[in-house]
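Remember, predicted model here, so these are calculated numbers, not experimental data. Residue numbers start from 1 in every chain, and the chains themselves are labelled A, B, ... in the order their sequence lines are given, proteins ahead of strands.
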Number of protein chains: 2
Amino acid sequence: MDELNFKGKLYLQVGDIRAIGPGRVELLERINSTGSIRQAALQMQMSYRQAWENVDEMNSVFAEPLVTSVRGGKGGGKAEITTKGLQLIKLFKEVHSSFQEFLQEQTLKIEC
Amino acid sequence: MDELNFKGKLYLQVGDIRAIGPGRVELLERINSTGSIRQAALQMQMSYRQAWENVDEMNSVFAEPLVTSVRGGKGGGKAEITTKGLQLIKLFKEVHSSFQEFLQEQTLKIEC
DNA sequence: GGCAGTTATGTTTAATGAGGTATAACGGTT
DNA sequence: AACCGTTATACCTCATTAAACATAACTGCC
């Protein structure tokens, strides 16, 4: 057969706003490991601006910020993921994982 | 709490091409009930061209067409969904339905 | 105080895509 | 043969989005 498969996208929304998706989770994780929005952006070959805008929207849409940042100082500045941010990363990744399983199941059902 | 919810999108792909999503299913259903691409497009306040392009891509990406059409003749022309098309509509709607359930479950889990 | 490296933001330019318009092709109906 | 409503397709314009460029603000360190 030709490769018929179910695929999809998952978002964690706050109201109607797509607050978190796979890309933003990756961004958050890279910020977490590098301590820098700029370095995270570079790793994902994304412009700093785009990365910052993503962070800004995430911070503004939740009650607590997911990323805290300071400018100036040692290294020029830094960014850090809050515990709330870490929680949301974990939550999203778990659900995303079982979402992928779901898609896989449904795809396998086709060729029965 | 604020309204934190999981949302997502589902696609039935052929290879890497998104062949069918919710919008196209609705389009196919309206073509089926009206017998006309134009009328279906009007109902969805979509341009005829956009509707036709959707149909064209679906037809070309599957081995068999999902929509057959004739031009001229009584009424100026007509369009019809093939049995293959009907099968795919059914398949997608079933999976989409359980996908929505999945999202609902995951959303409920948040507020535990 | 100047430097370094980053956060934060404004402005401008390029690219992508959506949408409108136009028109041909078609065949039953009159 | 002219008409009608639809399928089918080309083309051009405009708006929205994405990318690029530029610059300010900040603070530990030398």
Side-chain angles (χ1 to χ4, degrees), chain A residues 9 11 13 16-24 26-62 64-82 84-85, chain B residues 9 11 16-24 26-62 64-82 84-86:
Chain A
K9 289 187 168 292
Y11 305 99
Q13 299 195 166
D16 285 342
I17 298 174
R18 284 177 189 170
I20 297 184
R24 286 184 173 181
E26 184 182 350
L27 181 62
L28 289 174
E29 285 183 318
R30 290 188 188 276
I31 292 173
N32 192 41
S33 64
T34 61
S36 161
I37 295 173
R38 177 167 299 277
Q39 293 309 314
L42 284 176
Q43 286 181 3
M44 296 177 70
Q45 42 223 34
M46 163 191 304
S47 72
Y48 171 80
R49 162 147 220 140
Q50 194 180 344
W52 182 86
E53 281 174 350
N54 276 307
V55 169
D56 186 54
E57 189 178 20
M58 282 189 272
N59 277 348
S60 60
V61 87
F62 288 99
E64 320 166 44
L66 310 192
V67 178
T68 55
S69 59
V70 291
R71 54 181 171 182
K74 179 171 141 191
K78 61 180 171 175
E80 203 172 17
I81 308 297
T82 64
K84 177 74 175 180
Chain B
K9 288 186 170 293
Y11 305 100
D16 286 342
I17 297 175
R18 285 176 189 169
I20 296 185
R24 285 183 174 184
E26 184 182 348
L27 181 61
L28 289 175
E29 285 184 318
R30 289 187 189 277
I31 292 173
N32 191 41
S33 64
T34 60
S36 161
I37 295 175
R38 176 167 298 277
Q39 293 310 313
L42 285 176
Q43 286 182 4
M44 295 176 71
Q45 45 221 30
M46 165 192 303
S47 73
Y48 172 80
R49 207 195 57 191
Q50 193 179 345
W52 182 84
E53 281 173 351
N54 277 308
V55 169
D56 186 54
E57 188 178 21
M58 283 189 274
N59 277 347
S60 60
V61 86
F62 288 98
E64 321 167 41
L66 311 191
V67 178
T68 55
S69 57
V70 292
R71 54 181 172 182
K74 180 170 140 190
K78 62 180 171 175
E80 203 170 17
I81 309 297
T82 65
K84 177 75 173 180
L86 292 174

Separation of [N] [atom2] from [X] [atom1] (nearest whole Å):
X: A:Glu53; N: D:dA19; atom1: CD; atom2: C1'; result: 11 Å
X: B:Asn54; N: D:dT9; atom1: CG; atom2: C1'; result: 16 Å
X: B:Leu42; N: C:dG19; atom1: CG; atom2: P; result: 15 Å
X: A:Glu80; N: C:dT6; atom1: CD; atom2: P; result: 16 Å
X: B:Arg38; N: C:dC26; atom1: CZ; atom2: C1'; result: 14 Å

Closest non-hydrogen atom pair, B:Ile81 against B:Leu28: CD1-O, 3.5 Å
Non-hydrogen atoms of A:Ile20 and A:Met58 that approach each other most closely: CG1-SD, 4.3 Å
Near-strand residues of residues 44-51 of chain A, defined as heavy-atom separation under 4.0 angstrom from DNA chain D: A:Arg49, A:Gln50
side-chain hydrogen bond (donor to acceptor under 3.5 Å, both in side chains) partners for B:Gln43, two or more places apart: B:Arg30
Counterpart residues, side-chain hydrogen bond (donor to acceptor under 3.5 Å, both in side chains), relative to A:Glu29 (two or more places apart): A:Lys93
Side-chain (B:Thr82) to main-chain (B:Pro65) donor-acceptor, under 3.5 angstrom: yes
Please tabulate, one pair per line, all N/O donor-acceptor pairs under 3.5 Å involving side-chain atoms of residues 69-77 of chain B, not counting sequence neighbours.
none

Sequence-distant partners of B:Ala41, side chain to side chain contact (heavy atoms under 4.5 Å, CB included), two or more places apart: B:Ala51
Partner set under side chain to side chain contact (heavy atoms under 4.5 Å, CB included) for B:Asp56, not counting sequence neighbours: B:Trp52
Per-nucleotide protein contact string for nucleotides 25-30 of chain D (B base, S sugar-phosphate only, - none; heavy atom under 4.0 Å): BBBS--
A:Arg38: salt bridge (Lys or Arg N to Asp or Glu O under 4.0 Å) partners, not counting sequence neighbours: none
Results of salt bridge (Lys or Arg N to Asp or Glu O under 4.0 Å) for A:Glu80 - residues two or more places apart only: none
OP1, OP2 of [N] versus side-chain N and O of [X]: anything below 4.0 Å?
X: B:Trp52; N: D:dT7; answer: no
X: B:Ser36; N: D:dG5; answer: no
X: A:Ser69; N: C:dT6; answer: no

Salt bridge (Lys or Arg N to Asp or Glu O under 4.0 Å): pairs with one or both residues in residues 40-49 of chain A, sequence neighbours excluded: A:Arg49-A:Glu53
Show each protein N/O and nucleotides 12-15 of chain C N/O combination with a separation under 3.5 Å, one pair to a line.
none

